[in-house]
Amino acid sequence: MDADLLHARLAPWYAEHRRDLPWREPGFTAWGTLVSEIMLQQTQVARVRTAIVEWLGRWPTPAALADAPTHEVLRAWGTLGYPRRALRLQDAARAIVERHDGVVPSDVPTLLALPGIGDYTARAVAVFHFRQRHPVVDTNVRRVVARAVVGQGDAGPAARADLARVEALLPADDDEAGTVSIALMELGALVCTARTPRCDACPLLADCAWVAAGRPAYEGRRAPRQAAFAGSDRQVRGTVLRALRAVDVPLPRAELAGLWPDAGQLDRAVASLAADGLVVVEGDAVRLPH
DNA sequence: TACCCGTGGCC
DNA sequence: TGGCCAAGGGT
């Protein structure tokens, strides 16, 4: 697939079908883009689109979040999931204040050095806000490229080689490259979906290697399946944190004991939460960090 | 590399 | 209905 052909196919489609999302509004700040991308890590757009507005209304700058009490940050994160992201987001805010005078950095290596920001998020900020030319590779992009370009029904496990593969598909122009990236993501989210792709509505239908091959089933290596949630340590951690968010006082362990039948597993969960900095053990009680 | 980390919605 | 999936990152 030629980079210019890809842009020619995707740009008009994206212009017509792009969703109106808060982080796509004119004037959305670099900080807002960074916060939204972290919230979007493994969390659906529908849940982030309301949460991001409330969050930025409360903490509109890195300095504001850096100064916030951590227990309030965790409460505001609420049920978005993976609460370590909230901790790292505040750590990133503090790093931005301390290392960069409160200004969100624009270059990828500096963004990558911030806590909680990896290959995807660093480039998303650099491309979507600062309009630089980098490959932005998320699960949508990997799936669309696997189908349209490689001709496979699905992408295998993520690999660092994906970055170079996608980079080769970007037009030379910074702005056009950014459009290709956001359009690939939008196409993967709306049309080239994981379960039931709507190929009849796809702007790449005529050029798609997977369709040309007759849409063969994927036989390659798959990403490892996620462990069952029911009964897992993750469920216990979530249960404990939910209880702590609901009150503004430390909870005695005796009270936590009512939350989970397996006392040993509960203790391990509290210990792992403490190791992550998500809770503080104070004598016989557990609380959110100050 | 494989595994850990929450929560909700989908068919 | 239970497994799959969702704008990943850290270790």
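Below, each value reflects all heavy atoms present in this structure, side chains not excepted, and no hydrogens, waters or symmetry copies. Because the structure is predicted, anything quoted here is derived from the model rather than measured. Order of the sequence lines sets the chain letters (A, B, ...), proteins ahead of strands, with each chain counted from 1.
Taking atom P on both B/dG8 and C/dG9, the two are 22 Å apart, rounded to the nearest angstrom. Using atom P as the reference point in both C/dA7 and B/dC3, the two lie 24 Å apart (nearest Å).
Applying the ring-ring contact (aromatic ring centres under 6.0 Å, His included) test to every pair with at least one member in residues 7-33 of chain A, sequence neighbours left out, gives these pairs: A/Trp13-A/His17. Every pair passing side-chain hydrogen bond (donor to acceptor under 3.5 Å, both in side chains) that includes a residue from residues 146-156 of chain A is listed here, sequence neighbours excluded: A/Asp154-A/Arg222. Applying the ring-ring contact (aromatic ring centres under 6.0 Å, His included) test to pairs two or more places apart or on separate chains, those with a residue in residues 68-90 of chain A are A/Trp55-A/Trp77.
How far CG of A/Leu34 is from CG of A/Leu111: 7.0 Å, rounded to the nearest 0.5 Å.
Among residues two or more places apart in sequence or in another chain, the salt bridge (charged side-chain N to carboxylate O under 4.0 Å, His left out) test is passed with A/Asp20 by A/Arg18. A/Glu176 pairs by the salt bridge (charged side-chain N to carboxylate O under 4.0 Å, His left out) definition with nothing, not counting sequence neighbours. Listed by chain and residue number, A/Asp119 satisfy the salt bridge (charged side-chain N to carboxylate O under 4.0 Å, His left out) test with A/Arg160 (two or more places apart in sequence, or in another chain). With sequence neighbours left out, the salt bridge (charged side-chain N to carboxylate O under 4.0 Å, His left out) criterion links A/Arg58 to A/Glu72.
Taking every heavy atom of residues 18-37 of chain A and every atom of DNA chain C, pairs under 4.0 Å involve A/Arg19, A/Leu21, A/Trp23, A/Arg24, A/Glu37, by number. Contacts of residues 136-144 of chain A with DNA chain C (heavy atom under 4.0 Å): A/Asp138, A/Thr139, A/Asn140, A/Arg143.
Distance, A/Arg160 CZ to C/dG8 C1': 13 Å, rounded to whole Å. If you take CG of A/Leu112 and C1' of C/dG10, they are 13 Å apart, rounded to a whole angstrom. Spacing between atom CG of A/Leu163 and atom P of C/dA7 amounts to 18 Å, rounded to whole angstrom units. The distance between atom CZ of A/Arg221 and atom P of B/dT1, rounded to the nearest whole Å, is 7 Å. For the pair A/Arg49 CZ and C/dA7 C1', the computed distance is 14 Å after rounding to whole Å. The distance between atom OH of A/Tyr218 and atom P of C/dC4, rounded to the nearest whole Å, is 15 Å. The CG atom of A/Leu111 sits 15 Å away from the C1' atom of C/dG8 (whole-angstrom rounding). Taking atom CG on A/Leu87 and atom P on C/dG9, their separation rounds to 17 Å, with Å as the unit.
Cluster partners of A/Leu112, by chain and number: A/Val108. The rule joins Ile, Leu, Val, Met, Phe, Trp and Tyr whenever side-chain heavy atoms lie under 4.5 Å apart.
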Sequence-aligned protein contact record of nucleotides 5-11 of chain B, with B where the base is within under 4.0 Å of a protein heavy atom and S where only the sugar-phosphate is
BBBBBB-

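Of the listed residues (A/Val125, A/Val127, A/Val180), just one forms a side chain to side chain contact (heavy atoms under 4.5 Å, CB included) with A/Val136, and that residue is A/Val127.
Nucleic acid contact for A/Ala124: none, since no nucleic acid atom lies under 4.0 Å from a heavy atom of the residue. Among the atoms of the strands shown, none is found under 4.0 Å from any heavy atom of A/Thr196.
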Throw together a table of side-chain donor-acceptor distances under 3.5 angstrom for residues 201-215 of chain A, partners on residues two or more places apart or in other chains.
{"unit_1": "A/Asp207", "atom_1": "OD1", "unit_2": "A/Arg9", "atom_2": "NH2", "d": "3.4"}
{"unit_1": "A/Asp207", "atom_1": "OD2", "unit_2": "A/Arg9", "atom_2": "NE", "d": "2.7"}
{"unit_1": "A/Trp210", "atom_1": "NE1", "unit_2": "A/Pro216", "atom_2": "O", "d": "2.9"}

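No hydrogens or angles considered: a donor-acceptor pair under 3.5 Å links the side chains of A/Ser272 and A/Arg237.
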